[in-house]
Amino acid sequence: MAVANIPVIDISDPKLNEAQVARDLVEAAIEHGFIYVKNTGGDIPIDAVQGAFDLSKELFAAPLEEKQQCRIQKNNMGWAGMQYESLDPKNQRSGDFKEVFNFGEFVDGQPQQPMPPSITHRTPQINAFYDHCYDLALKLNHLLGIGLDVNPPTFFRDAHLRANGASSSILRLLYYPPLPLTTAQPEVDVRAGAHSDYGSLTMLFRLPRQPGLEILLPSNEWVPVPVSPPGTESDHAPPILVNIGDLLSYWTDGLLRSTVHRVVFSGGENGVKGETDTEARYSIAYFCHPVGTTPLTAVPSERVRAFKGQGGTKEGDKGKVLTADEHLMMRLKASYLQLYDEKDK
Ligand SMILES: O=C(O)CCC(=O)C(=O)O
Ligand SMILES: [Fe+2]
């Protein structure tokens, strides 16, 4: 079966030509909205990724009461249980078949949401992994600035610097239990409903042989995104999957593509060869957001300007410049109706 034809890019080899890598990254962001970033350990150590998955398994195995003490709040931090979130409420029969835990930005090494007591001893490890993701996200934002000839090329990177203020960036651990084979659950249809991400960009870590992610092509066809695409099978770890979020697409007037994706029970023969979903699936996403007060003003890039001139879109644009936080709030309200309805009354 067809699989997504997403380019694999190596951004960590110091011998590579930075300008060329940046152009390749931008072309992939324009055409696909998704990019595989080779995971050589140069940016994020391989054992840090493995350690984060081990921690995730420990966290989701913690007693339910511990997790319930950390329920997700309006600040988008904390734990959400099975079928709480519905990423595609109009088309789903039931909530997403998954549990998640969202970590907000750490402040002076301290988490900003309650932690299940079983994993508090691992706080420094989560903090360190968060920082690795932050550093890589800065690098990617810088490369996008270079590839788009933004003046200055640090335009996007600077908008993400912690030194300039707090952001809504989130490190999210995801756990998708297997579908019990013995119980007929016709109401369970999807692991994560169709959606696009809200932030500037997302970095996704997956485990070998754990399929399920699909993207929607412009032809309206769903195709799987293999964990280990051709050419990466013998790497020490699968590539990090990077995708452009709604905010960066909005900011660039739609030039960079925010692609709709979902996680399905892909089942035997429909899946990618060598990948199976009879077991629990774990993934880790880092949702990168600019500093909350960043105004999403016109991007100083000829390429972006020319695209806007050709009719690029800015959904929701009513002449008012939104800040990064205002843009996020608009998107969150749509998928956490339950939370916002209860609290806004
Ligand atoms: O688990 C995955 O592979 C993707 C999750 C995802 O798309 C999300 O949480 O936004
Ligand atoms: Fe997503």
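Since the model is a prediction, treat every value here as computed from it, not as a measurement. Order of appearance sets the numbers: ligands from 1, and atoms from 1 within every ligand.
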Q: Verify the distance criterion only: is there a donor paired with an acceptor across the side chains of S167 and E105 at less than 3.5 Å?
A: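 Yes - a donor-acceptor pair under 3.5 Å links their side chains.
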Using a strict cut-off of 4.0 Å, indicate which atoms of ligand 1 neighbour a heavy atom of [X].
| X | value |
| --- | --- |
| L174 | 9 (O) |
| F287 | 8 (C), 9 (O), 10 (O) |
| Y176 | 1 (O), 2 (C), 4 (C), 5 (C) |
| H261 | 7 (O) |
| V263 | 1 (O), 2 (C), 3 (O), 4 (C) |

Q) Is the distance between the ring centroids of F103 and F129 under 6.0 Å? A)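 F103 vs F129: aromatic centres not under 6.0 Å.
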(Q) Any carboxylate oxygen within less than 4.0 angstrom of a Lys/Arg side-chain nitrogen, looking at R303 and D149? (A)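 Here R303 does not pair with D149 in a salt bridge, since their nearest N and O are not under 4.0 Å apart.
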**Q.** Check ion pair R122-D54 (N to O, under 4.0 angstrom)
**A.**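 Salt bridge flag = no for D54 with R122.
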Q) What N/O/S atom of D197 is the closest to the Fe ion (ligand 2)? A)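 When I compare the N, O and S atoms of D197, OD1 is nearest to the Fe ion (ligand 2).
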(Q) Just verifying a value: how many Å separate T259 OG1 and I6 CD1, rounded to the nearest 0.5 Å? (A)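 Atom-to-atom, T259:OG1 and I6:CD1 are 8.0 Å apart.
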Report the part of [X] (side chain from C-beta onward, or backbone N, CA, C, O) that has a heavy atom under 4.0 Å from ligand 1; answer both or neither where that applies.
| X | answer |
| --- | --- |
| R172 | side chain |
| L204 | side chain |
| A285 | neither |
| H195 | side chain |
| D197 | side chain |

Q: Mind telling me whether Y130 and Y286 have parallel, tilted or perpendicular rings, with 30° and 60° as the class edges?
A: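 Perpendicular.
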Q: Could you label the plane-to-plane angle of the H327 and Y250 rings as parallel, tilted or perpendicular, counting under 30° as parallel and over 60° as perpendicular?
A: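 Because their plane-to-plane angle lies in the 30° to 60° range, the rings of H327 and Y250 count as tilted.
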Q | Over all atoms of both residues, closest heavy-atom pair of W79 and E99 | A |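 Here W79 and E99 meet closest at NE1-OE1, 3.0 Å.
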(Q) Considering both backbone and side-chain atoms of S283, is one of its nitrogen or oxygen atoms within less than 3.5 Å of a nitrogen or oxygen in ligand 1? (A)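 The answer is yes, given that S283 and ligand 1 share an N or O pair closer than 3.5 Å.
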Q) Does R281 come within less than 4.0 Å of ligand 1, judged by its heavy atoms? A)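 Yes, R281 has heavy atoms under 4.0 Å from ligand 1.
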Q: Scan F60, Y176, F205 and name whichever one has a side-chain contact (heavy atoms from CB on, under 4.5 Å) with Y282.
A: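 By the side-chain contact (heavy atoms from CB on, under 4.5 Å) criterion, Y282 pairs with just one of F60, Y176, F205: F60.
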Q. Where the Fe ion (ligand 2) is the centre, what is the NE2-to-NE2 angle for H261 and H195, rounded to 10°?
A.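 Result: 90°, to 10°.
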